[in-house]
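A quick write-up on the structure given underneath.
This structure is a prediction, so every number in the text was calculated from the model and none was measured. Sequence lines set the chain letters: A, B, ... in the order given, protein chains first and strands last, and positions in each chain run from 1.
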Amino acid sequence: MSEKKQSDIQLEKIDDNRWRVPQHGNMRVDGIVYTSETLLPHLQADATVQQVANVAQLPGIVGQSLAMPDAHWGYGFPIGGVAAFDADEGVISPGGVGYDINCGVRLMRSNLRRNDIEDSMKELVTALFKNIPSGVGSERSDLRLTEQNERKVLLEGAQWAVSAGFGTENDIEHIEERGCLTGANPDIISKEAYKRGRPQLGTLGSGNHFVEIGYVEEVYNPAIASILGLEEGGVTVIVHTGSRGLGYQVCDDFLQEMLAASRKYGIELPDKQLCCAPITSPEGQRYYSAMACAANYAFANRQIITHWIRETFERVLNMSPRELQMNLIYDVAHNIAKFETYLIDGKERKVCVHRKGATRAFPAKHPAVPSVYQGIGQPVLIPGDMGRCSYVLIGTDQAMSDTFGSTCHGAGRMLSRTAAIKRAKGRAIWRELADQGIIVKSEGRETLAEEMPEAYKNVADVVEVVHNAGISRKVVKLRPLGVIKG
DNA sequence: ATGTTC
C-alpha cells in the first residue's frame, strides 16, 4: 500500500458522523471512520480507507481500527489514525507514530487584548522570526548543547528545559505527561540521531510547523473557557512543532529493525510500511524506549521555543512577565504511542494506543488530566490552516468509550505539496493573507505555497464531526493575526 | 515531517 491509489472498499454508514469498514479478508476487527457527508469524498480520494483496513490486520488490535475526520493517506498507517494493541499480545509500529515523533501543539494565553498588539504585529512577527530559527535544517547557535545535556533532554524532556532556565515549573503542570515520557533510554539512540538533534533543539523546522499569534474570536463554552484563561478578544499563541531531525532519524533507524523483527516473529504484513514487533519483544521494547527519547526531545523543543516567544513579547511590547501573563494552557502530542488502560467489555485492559495525527482527549476526573483541569477535562488543541482558524476543544467520557480517548488533530491536507505549489504559481500567498489581516513570514521559498489555506480541508468541518460525535467538545475558536513558518 | 531522493 505504498501507492496513493483510491480503494474500492464499501463503507457502511452508521450515523451522520461514523462509517464502518466491515471486517473482511484478513482484518481482525472492523474499521470505523469518523467523517461526514461533506468530508467523506476527501477521505475516499486516496487510499486512507484501505490503510484503515490494513491496520485492522495487525496482531493484537483491540476494538476497531479508527480514522478521524482529518484523516488522509500516510506512511503505512493513515495520518489521523488511532489503533490500540493489547499490551501483552499486540504489536508496536513506527508507522503508527509517524516520522515526526511527538509532533504536537501547545497553546498559551495572555493578558493582551487584540487591539493592544494591532500596531505592533509587524514588529512582533519580525522579532519572533529572528528569535526562533525556522526552516529545513534550522539550528540554534546560542544553545551549545553538550552531548551529556542532550542525553538529559532525551530522559527528562520539558523538565530539562525548565531546569536549564527555559520557562517555569508551572509550565510542566500544563503539558501532556508533564512533558516527560517514562521509559526513555538514551543508550538506544544512534550516533546519527544525536548528531542531528544537538544543534536543532529550540528550532521550528519546516512544513506545517509554525508559531501563530491569534485571538479568541468566538466562545462556545464560557465556563470552560474561563477556567482555561480564555475570553473573547484575548491574545493567544500557538506553537506547532516536533522532534526535528532527531525524531526523523529514530524513525528511520527503527523501520529497518522492525522490518527484520516482523519476519523474525512471523507477522504477516499487508504493507511493508506497517512493519512492527510484538510489544513485549526486545525489538518492540527498544522502539518504545527510543520513541520516548524523541518524544521528550519534542517536549523540550516546544518548551524552549515558548521561552523565546515570551522573551520576544516582553521586549517588543516592553512588558514584564507579570503584566503579560503568557501562561501555558496545555501542550498535546499528536504523533505518539502510549500505554493506557481502558474498560473493554467490562474488563480493565492495558493497551498501547498509537495516535498518528490524532490527539488525546481525556475527560474530567481522569488521573492523567492536570489537577487544575480535573473538573473540565483535558484541553484539546486543533490548529487549522494559516488563513482560517484554530479550535480549543475539551476531552469527554465518550472518547474513552469510543475512540481510546482520542480525537482529530487538525484540518488535514487536501492537496499534495506538489499540487499546492502548482496551484499557487504566479500568486503571492503572503499578500493574499495580508489582505485578510494576517501577517506571515516564512523561511522556505515554497513553504507558503505548500501550506496555503486551500491545500487544507476546512478545519471547521473536521471539528464539527468530532463535536457532534461527542469525542470532544468545542470551547473556543481562535483567529490568526500573525504567523511564522519554516 | 525530513541535512525535502544519504
(Q) Regarding Glu446(A) and Arg417(A), does a basic nitrogen lie under 4.0 Å from an acidic carboxylate oxygen? (A)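 Not counted as a salt bridge, because no side-chain N and carboxylate O are separated by less than 4.0 Å.
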(Q) Do the side chains of Glu173(A) and Arg178(A) get close enough for a salt bridge, i.e. N-O under 4.0 angstrom? (A)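 Between Arg178(A) and Glu173(A) there is a salt bridge, with a charged N closer than 4.0 Å to a carboxylate O.
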Please give, in whole Å, the distance from [N] [atom2] to [X] [atom1]?
X: Glu446(A); N: dT2(B); atom1: CD; atom2: P; result: 16 Å
X: Tyr297(A); N: dT2(B); atom1: OH; atom2: C1'; result: 13 Å
X: Leu448(A); N: dT4(B); atom1: CG; atom2: C1'; result: 16 Å
X: Gln249(A); N: dT2(B); atom1: CD; atom2: C1'; result: 10 Å
X: Glu451(A); N: dT4(B); atom1: CD; atom2: P; result: 17 Å
X: Gln200(A); N: dT4(B); atom1: CD; atom2: P; result: 11 Å
X: Tyr99(A); N: dT2(B); atom1: OH; atom2: P; result: 13 Å
X: Asp252(A); N: dT5(B); atom1: CG; atom2: C1'; result: 12 Å

Q. Is the Lys NZ or Arg CZ of Lys441(A) less than 6.0 Å from the centre of Phe129(A)'s six-membered ring, within 45° of the axis?
A.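 Geometry flag: set, cation within 6.0 Å and 45°.
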Q. Can a donor-acceptor pair be found between the side chains of His209(A) and Asp100(A) at a distance below 3.5 Å?
A.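 Indeed, the side chains of His209(A) and Asp100(A) share at least one donor-acceptor pair under 3.5 Å.
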Checking all strands, does [X] fall into the base, sugar-phosphate, or nothing category for heavy-atom contacts under 4.0 angstrom?
X: Glu450(A); value: nothing
X: Gly245(A); value: sugar-phosphate
X: Ser206(A); value: base
X: Gly207(A); value: sugar-phosphate
X: Gln256(A); value: nothing
X: Arg417(A); value: base

Q: Measure up the Trp308(A) and Phe166(A) rings against each other and bin them: parallel (under 30°), tilted (30 to 60°), perpendicular (over 60°).
A: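 Trp308(A) and Phe166(A): tilted rings.
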